[in-house]
Amino acid sequence: MDKIRVAVVGVGNCASSLIQGVEFYRQARKSNGNGGNGNGNGNGNGNGNGHGNGNGNGHGESLRSIGLMHEEIGGYRAHDIEFVAAFDIDERKIGKPLEEAIFALPNCTKTICEKLAKTGVKVSMGHVLDGVSEHMKDFPAHRTFLPSKTKPCDVTKILKDSGAEVLLNYVPVGSEEAARYYAERALEAGVSLVNCMPAFIVSNPEWAGRFREKGIPIVGDDVKSQLGATILHRTLAQLCMDRGVKVDRTYQLNTGGNTDFLNMLNRSRLASKKKSKTMAVKSILGEDFQDENIHIGPSDYVPWQNDNKISYIRVEGRHWGGIPINIELRLSDEDSPNSAGVVVDAIRFVKIARQRKLGGPLTSVCAYTMKHPPQQIPDSQARLFLKEFLEAKRER
């Protein structure tokens, strides 16, 4: 199979987890289930943790698929992704090899893979625009962004010269101007956009029409986690609906210590994020569900949590005879790897769409992978639509 050539805007924790993960699965594939450093006959079927059957601590067979929603999509596996360009604005990352920049401060996510193959990519200076909130300068350097004074690069030229097919948008929440800027560059370069942040581009009919006219497939907006607060909240809401429980009120409160949560201390940047997360759950409960009875959104920044995100979900409802029932749930997860587990699929679906010469939003892919897609579809149904898409029974 040919490689899927990917460019990244924002070399933060999410990009780091994705890039490390691709290398992790590449190495797992190469090990071919031989137990890594053990005696060479591990079959990955031992104690269930993917480390073989006591035959060394290498990447056993099970690690080739563990943690993947789809091991293969249209013949493409995670290790078929190749990173060909990267853009950031932090002085600690500009000019550095991509495989080194992903470990530079203020990144703080857990290490998946310590030794990465050389990418041959150096991080280019992007355009700051509204990407850095004013309040960020009030925090310690190791926690915040340090914008470089380097002259911004020609993004369109780099995208074209690199042969990029897909551009991942990881700019900070609230960076509406920056999101639109990079969407324009993707249009100019003929590159597909996977919009991982909550700026409404793919779900905007005007933007969607422009990509459709140029025959460029896109996916967005605001990536779901593989198993995070939003998908879990949606599942609880759907369970209540399916079991005849009348949901009266619900909330989701989140805390974290990465730059995403620090950035979101500026509440003026949260409008699109709160709308995206709220609509993802409200679409399950029904449009007539009153806004005053649902509260979803980032709650506070706790530095020592780093990339760990803690979510509290509460659902209040009534079942048989109007008797109250309350559900409370606490989820703790590493935020950025949870995102990468979904983006790796979105990239591969976009590649297939490009091969089929499709343009505009991929409805089923957006619904399954994003919080604010052009069309909200229950997750179980969206998964069936994805299967039909792969079988070419459904083009979008």
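Hydrogens, waters and symmetry mates play no part in the numbers below; they use all other heavy atoms, side chains included.
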J.: Specify the closest pair of heavy atoms between Gly297 and Lys274, including all atoms of both residues, with the distance to one decimal.
T.: CA-NZ, 4.3 Å

J.: Can Arg348 and Asp345 be counted as an ion pair, charged N to O under 4.0 angstrom?
T.: yes

J.: Can you name the closest pair of heavy atoms from Val245 and His319 and give their distance?
T.: CG2-CB, 4.1 Å

J.: Are any of the side-chain nitrogens in Glu188 or Lys157 under 4.0 Å away from the carboxylate oxygens of its partner?
T.: no

J.: Which residues pass the ring-ring contact (aromatic ring centres under 6.0 Å, His included) test with Phe289, not counting sequence neighbours?
T.: none

J.: In plain terms, say whether Arg318 and Asp248 are close enough for a salt bridge, that is, a side-chain N and a carboxylate O under 4.0 Å apart.
T.: yes

J.: Under 3.5 Å, sequence neighbours excluded: what are the donor-acceptor pairs made by side chains of residues 360-370?
T.:
from: Ser364; atom 1: OG; to: Arg396; atom 2: O; distance (Å): 3.0
from: Tyr368; atom 1: OH; to: Arg383; atom 2: NH1; distance (Å): 2.8
from: Thr369; atom 1: OG1; to: Val365; atom 2: O; distance (Å): 2.7

J.: For a quick test of reading the model, state the closest non-hydrogen atom pair linking Lys273 to Pro198 and the distance between them.
T.: CD-CG, 3.6 Å

J.: Is any NZ, NE, NH1 or NH2 atom of the basic residue among Glu23 and Arg26 found under 4.0 Å from an Asp or Glu carboxylate oxygen of the other?
T.: yes

J.: Got a donor-acceptor contact below 3.5 angstrom from the Arg269 side chain to the Val173 backbone?
T.: yes

J.: Is the His127-Tyr181 ring centre distance short of 6.0 angstrom?
T.: yes

J.: If every non-hydrogen atom of Val123 is compared with every non-hydrogen atom of Phe87, which pair is closest and at what distance?
T.: CG1-C, 4.2 Å

J.: Look at the side chain of Ser339 and the backbone N and O of Ser225, then say whether any donor-acceptor pair between them is shorter than 3.5 Å.
T.: no

J.: Salt-bridged, Lys93 to Glu91, with N to O below 4.0 Å?
T.: no

J.: List the atom of Gln226, the atom of Gly341, and the distance in Å for their closest heavy-atom pair.
T.: OE1-CA, 3.4 Å

J.: Is it true that a side-chain atom of Asn266 and a backbone atom of Ser133 form a donor plus acceptor pair closer than 3.5 Å?
T.: no

